[in-house]
Amino acid sequence: MTLRLRYVSGVSPSKWLRVWGERRPDLPLEAIVVDEAEQLAGILAGEADVAFVRLPVDTEGLHAVALWEELAVVVLPKDHPLAEAESLTLADLEGETTAPVQPEAAMTIELVAAGTGHAIVPHSVARLHRRKDVVAIPVTDAAQTQISLVWRQDRDDADIQEFVAVVRGRGAKSSRGSADDPPPMKPAKAAKLAAAERRAAAAKSGEGKGKGGTSKSGARGGRPAPRTGAGAKQRSRRRGR
């Protein structure tokens, strides 16, 4: 008996396969990548138990847990006039030819490399099929795509719930997952919060210190700074009497 997983290109399930193998050696996980056009076929036909899909899909009769959003990028030939841009907008691409969309993303990007036009794809897909003769540039106002974990409502058992828990990072003794659970924090928001925490920690550790790592007294390590000037000389002469 196996737990049958399907996933679209751009999703890397290796970390979950590893955790699942450690937690459930009694139930092997069969993971197979599928074309985006066929991403629900296995689930609907009962040939797969759970799937990572790229929205939008028809989720009628399915449980769906939102996982993360993907940045949109435009793939251009390396010698394209816009290839040196750090980011672009949809307006920048107006009038540019679009490469014919193929069933497989790798084929579409190959057509881009051949000079047939550009393609807007999720960043994870562009990274998976990266080539030396094309570039991928963020499109700041293009709609982001979303990856979700789906399974059939009539196939909602303890094994699938345990896999959902693995994907969502829950421990072995944590409560059941649910399609109504809030999605995980977006990477960008998590990065901002982490940066804010680092700044707060740095500010706290720097309390009582001046520039150059000195304390309020002006010396490193918290030791009093040596006194200088006329007052110090007078005290020195008094001590020498």
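Since this is a predicted model, take the numbers as computed values, not measurements. Atom set for the values below is all heavy atoms of this structure, side chains included, hydrogens, waters and symmetry mates excluded.
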When you measure from the side chain of [X] to the backbone of [Y], do you find a donor-acceptor pair of N or O atoms at a distance under 3.5 Å?
X    : Y    : value
H118 : A99  : no
D156 : Q153 : no
S148 : A64  : no
Q146 : A66  : no

I need the [X] [atom1] to [Y] [atom2] distance, nearest 0.5 Å.
X    : Y    : atom1 : atom2 : value
Q161 : R168 : CD    : CZ    : 10.5 Å
L29  : R4   : CG    : CZ    : 11.5 Å
E84  : E86  : CD    : CD    : 10.0 Å
E162 : R24  : CD    : CZ    : 5.0 Å
F163 : L17  : CZ    : CG    : 7.0 Å
I43  : T59  : CD1   : OG1   : 12.5 Å

Exercise: identify the closest heavy-atom pair between [X] and [Y]:
X    : Y    : answer
L55  : V57  : CD2-CG2, 3.6 Å
G10  : S124 : O-CB, 3.5 Å
A136 : A126 : CB-CB, 4.0 Å
A72  : A143 : CB-O, 3.7 Å

Hydrophobic cluster (4.5 angstrom, side-chain heavy atoms) - remaining members for L76: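 For the cluster that includes L76, the remaining residues are V74, L82, L88, L90, L93, I120, V135, I137, V139.
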In this structure, would [X] and [Y] fall into the same cluster of hydrophobic residues linked by side-chain contacts under 4.5 Å?
X    : Y   : result
V164 : V8  : yes
F52  : V19 : yes
W151 : V33 : yes
V166 : V65 : yes

Mind checking whether [X] and [Y] have side chains closer than 4.5 Å, heavy atoms only?
X    : Y    : result
I160 : L3   : yes
T108 : L111 : no
V73  : V121 : yes

Test log, rule side chain to side chain contact (heavy atoms under 4.5 Å, CB included), inputs L149 and V50: CA-CA 7 Å; L149 184 65; V50 64; 3.3 Å; yes
NZ/NE/NH1/NH2 to OD/OE distance under 4.0 Å, R6 and E30: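 Result for this pair is yes, salt bridge flagged.
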Candidate list Q144, R54, H123, test side-chain contact (heavy atoms from CB on, under 4.5 Å), partner E70, passing option: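 Going through the options one by one, the only one that passes is R54.
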Salt bridge (charged side-chain N to carboxylate O under 4.0 Å, His left out) pairs, two or more places apart, involving residues 134-155: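 Residue pairs with at least one partner in residues 134-155: D49-R155, R152-D154, R155-D157.
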All pairs passing side-chain hydrogen bond (donor to acceptor under 3.5 Å, both in side chains) where residues 7-21 contributes a residue, at least two apart: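 Residue pairs with at least one partner in residues 7-21: there are none.
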Candidate pair D159 and M1, rule side chain to side chain contact (heavy atoms under 4.5 Å, CB included), full reasoning: CA-CA 12 Å; D159 293 334; M1 183 177 178; 4.3 Å; yes
